[in-house]
Asks: 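Dumping the structure here so I can ask a few things about it.
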Amino acid sequence: MEVVATFAERLKEAMYIRNVRARDITENTGISSSQISHYLKGDYNPKQPTVTQLSHYLRVNEVWLIGYNCNMERYEPTFDGTLKEIFEMCETLSNNDLQCIKNFIKNYFINR
């Protein structure tokens with residue numbers, strides 16, 4: 001995977017696609033308007049927690065947002081999809097592994 005765009009370019013593109021203004025980002029994320037302005041001008045790039053926050057708000061893939069050549073859409077797991085993934089993983093486990101997982105889940109519910 002290669003970098004094909006700057007963070008500033010991708011932020012502008014995501015904002016355009018999602019019809020979001022800088023003010024909207026500030027109001028909904030708490031990221032200051034001056035920070036957003038610096039990101040949009042390309043003065044500096046945000047740290048990882050801010051990238052994550054922006055990608056969630058804009059509903060885009062974090063890796064895409066930082067400029068890599070990949071799908072823009074976020075992977076949002078669904079309950080059905082997650083269950084399917086879990087069942088597929090379980091098919092490859094030994095009986096001992098399955099028993100350990102079963103005990104872990106029981107303990108989780110007992111101790112939460």
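Computed from a prediction, not measured in an experiment: that's the story for all the values here.
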Asks: Okay, side chain of Q35, backbone of S32: is any donor-acceptor separation there less than 3.5 Å?
Replies: yes

Asks: If every non-hydrogen atom of V4 is compared with every non-hydrogen atom of Y68, which pair is closest and at what distance?
Replies: CG2-C, 4.2 Å

Asks: I need the T6 OG1 to E13 CD distance, nearest 0.5 Å.
Replies: 10.5 Å

Asks: Do L98 and F87 belong to the same hydrophobic cluster, where Ile, Leu, Val, Met, Phe, Trp and Tyr are linked whenever their side-chain heavy atoms lie under 4.5 Å apart, directly or via other members?
Replies: no

Asks: Assess whether atom CG of N107 is packed by more than 12 heavy atoms of other residues, nucleotides or ligands within 6.0 Å.
Replies: yes

Asks: Working to the nearest 0.5 angstrom, can you tell me the gap between L58 CG and M72 CE?
Replies: 9.5 Å

Asks: Do side-chain atoms of N103 reach the backbone of C100 as a donor and acceptor pair under 3.5 angstrom?
Replies: no

Asks: Between R18 and E73, does any side-chain N to carboxylate O distance fall below 4.0 Å?
Replies: yes

Asks: What are the two closest non-hydrogen atoms of I25 and Y57, and how far apart are they?
Replies: CG1-CE2, 3.8 Å

Asks: What's the separation between atom OG1 in T26 and atom CD1 in I31, rounded to the nearest 0.5 Å?
Replies: 7.5 Å

Asks: Do M89 and Y108 sit in one hydrophobic cluster, given that two such residues count as connected whenever their side-chain heavy atoms are within less than 4.5 Å of each other, even indirectly?
Replies: no

Asks: Hey, does the side chain of D97 reach the backbone of L93 with a donor-acceptor pair shorter than 3.5 angstrom?
Replies: no

Asks: Is V3 reachable from L65 through a run of hydrophobic residues whose side-chain heavy atoms are each under 4.5 Å from the next?
Replies: yes

Asks: What are the two closest non-hydrogen atoms of N28 and D24, and how far apart are they?
Replies: ND2-O, 2.7 Å

Asks: Can a donor-acceptor pair be found, under 3.5 Å and without considering hydrogens, that links the side chain of T52 to the backbone of Q48?
Replies: yes

Asks: Answer whether the closest heavy-atom distance between the side chains of Q99 and N95 falls below 4.5 Å.
Replies: no

Asks: Side chain to side chain contact (heavy atoms under 4.5 Å, CB included), that's the test. Do M15 and L11 meet it? Break it down for me.
Replies: CA-CA 6 Å; M15 290 171 65; L11 180 58; 3.9 Å; yes

Asks: What verdict does the side chain to side chain donor-acceptor pair (under 3.5 Å) test give for R74 and S55, after you've listed the backbone C-alpha separation in whole Å, the side-chain angles of each residue and the deciding distance to 0.1 Å?
Replies: CA-CA 8 Å; R74 286 186 66 76; S55 71; 3.2 Å; yes

Asks: Any donor-acceptor pair under 3.5 Å linking the side chain of R10 with the backbone of W64?
Replies: yes

Asks: So Y39 and N45, side chain to side chain donor-acceptor pair (under 3.5 Å) or not? Walk me through it.
Replies: CA-CA 6 Å; Y39 300 150; N45 294 328; over 6 Å; no

Asks: Shortest non-hydrogen contact from L40 to A8?
Replies: O-CB, 3.6 Å

